[in-house]
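Positions are given from 1 along the sequence. All figures in this text were calculated on a predicted structure; none of them were measured in a lab. In listed order, ligands and their atoms are each counted from 1.
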Amino acid sequence: MRLYNNLINEIKSILCNSKQLDISNVSLNVSNKNSVIFLSDTAYELGGSQKPCVSSLAVSSDMSFSNSVYLLGNDLNEIKADSPFGKFVFIQVEDFPDEQDTFNKIKELESLRYHLSVDGFMTRASALNMREQIRVSKKIVKSGVTFSDYGNALLKEYLKFSYVKSAEIYFVTDFDDFEKLNSLAKKISQTTSALNHIFDNVMFDCSTCNLKEICDEVDGLKELHLKNVKK
Ligand code: SF4
């Protein structure tokens, strides 16, 4: 699966000034049930108060990642109020001969953000507008937890899947160019929508399809649809 490679490279070049965080030894509890953090217990919300906010996940079978966490902007212990927030997850998956298998894995990896809960963090995610807001508890901020701890907890969960070979997570709390990153995240989301369309056995008719723009831009989508029609 190479459909997302150019988009991943573009995002990484925009985030090239991110610092690589030391992977921490702090172990945070992770569960499959999103915890509830009331407003009175919240220190601040990442992406809250309508601040710029974007979240995206993309996979590749031939790009390898550093199993690291990166940060652009202030760390959790430096943030004092609701802040802009970006989260980008890049994952190298096994090279499945059938693209439908890769697509099923993408859905599985994407679903993690809706049900995975890290102690002291409450995620509110929307696939529609690519926002992922995170309430951070006063208790966890007071304990000195950082993005290194939080990111490491998430990274370990992704690496538990047998078909995941490597991954990287980028957090952003200070955007140089939010609009550009948001538009690249939108293209990733549209590429995944096109895959959904293709594997739903929808007719191959680009003239009436609302995904034409992304299929014209991302190399390989049209060929994949054509190949699937012929099966
Ligand atoms: S290849 Fe054409 S029909 Fe298929 S998803 Fe893209 S635009 Fe739509």
Side-chain angles (χ1 to χ4, degrees), residues 1-15 47 52-65 86-116 123-133 158 161-170 172 175 177-231:
M1 171 68 67
R2 297 173 181 85
L3 294 171
Y4 300 90
N5 285 12
N6 289 342
L7 296 167
I8 294 173
N9 280 329
E10 272 197 72
I11 293 174
K12 283 183 64 151
S13 78
I14 293 175
L15 299 179
C53 184
V54 60
S55 168
S56 189
L57 178 147
V59 308
S60 170
S61 56
D62 63 346
M63 289 174 80
S64 71
F65 302 107
K87 183 178 140 202
F88 295 89
V89 180
F90 303 130
I91 298 180
Q92 181 189 17
V93 294
E94 210 176 304
D95 193 4
F96 295 101
D98 186 344
E99 287 89 350
Q100 169 108 47
D101 286 335
T102 310
F103 176 64
N104 294 340
K105 302 306 180 202
I106 294 171
K107 300 312 282 173
E108 187 170 43
L109 293 166
E110 274 189 339
S111 75
L112 222 60
R113 71 176 179 150
Y114 300 105
H115 61 73
L116 202 68
T123 304
R124 300 197 295 153
S126 158
L128 282 181
N129 58 13
M130 301 167 300
R131 287 181 78 87
E132 183 172 337
Q133 297 180 207
Y158 286 113
F161 290 95
S162 58
Y163 55 85
V164 169
K165 292 177 157 182
S166 63
E168 279 173 14
I169 300 179
Y170 287 79
V172 185
F175 291 97
D177 192 348
F178 174 74
E179 291 310 325
K180 181 72 186 159
L181 281 171
N182 199 43
S183 114
L184 290 165
K186 193 171 169 196
K187 285 179 187 173
I188 286 175
S189 166
Q190 288 170 330
T191 303
T192 308
S193 296
L195 288 175
N196 202 7
H197 191 79
I198 291 165
F199 294 122
D200 243 6
N201 289 323
V202 179
M203 249 182 21
F204 182 79
D205 182 1
C206 302
S207 64
T208 59
C209 184
N210 61 1
L211 294 158
K212 188 173 180 314
E213 204 178 320
I214 193 72
C215 289
D216 281 344
E217 183 170 338
V218 174
D219 285 344
L221 274 173
K222 276 188 189 160
E223 292 76 1
L224 184 61
H225 200 166
L226 199 56
K227 186 173 126 191
N228 250 59
V229 169
K230 284 179 185 161
K231 268 184 183 176

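- Interface of K212 with ligand 1, defined as ligand atoms under 4.0 Å from a residue heavy atom, comprises 7 (S).
- Using bins of under 30°, 30° to 60° and over 60° for the plane-to-plane angle, the ring pair F175/F178 lands in the perpendicular bin.
- Proximity of D205 to ligand 1, defined as any heavy-atom pair under 4.0 Å, is confined to the backbone N, CA, C and O atoms.
- Within a 6.0 Å radius of NZ in K186, other residues, nucleotides and ligands contribute 12 heavy atoms or fewer.
- Counting backbone and side-chain atoms alike, H225 contributes an N/O/S atom closer than 2.8 Å to atom 4 (Fe) of ligand 1.
- Comment: D216 engages K222 in a salt bridge, judged by a side-chain N to carboxylate O separation of less than 4.0 angstrom.
- Ligand 1 places these atoms under 4.0 Å from at least one heavy atom of K222: 1 (S).
- Metal site remark for atom 6 (Fe) of ligand 1: C215 contributes an N, O or S atom at a distance under 2.8 Å.
- The distance from ligand 1 to the heavy atoms of F204 drops below 4.0 Å at these ligand atoms: 1 (S).
- Salt bridge status for K105 with D101: absent, with no side-chain N to carboxylate O gap under 4.0 Å.
- Under 4.0 Å is where a charged nitrogen must lie from a carboxylate oxygen, and between R113 and E132 at least one such pair does.
- Atom 2 (Fe) of ligand 1 has as its closest protein heavy atom C206 SG, 2.4 Å.
- Given atom 5 (S) of ligand 1, the protein heavy atom at minimum distance is H197 CD2, 3.4 Å.
- For the salt bridge (charged side-chain N to carboxylate O under 4.0 Å, His left out) test, residues two or more places apart in sequence or in another chain that qualify with E217 are K187.
- In this structure, the side chains of L224 and L3 come closer than 4.5 Å at one or more pairs of heavy atoms.
- If you check which protein heavy atom lies closest to atom 8 (Fe) of ligand 1, you get C209 SG, 2.3 Å.
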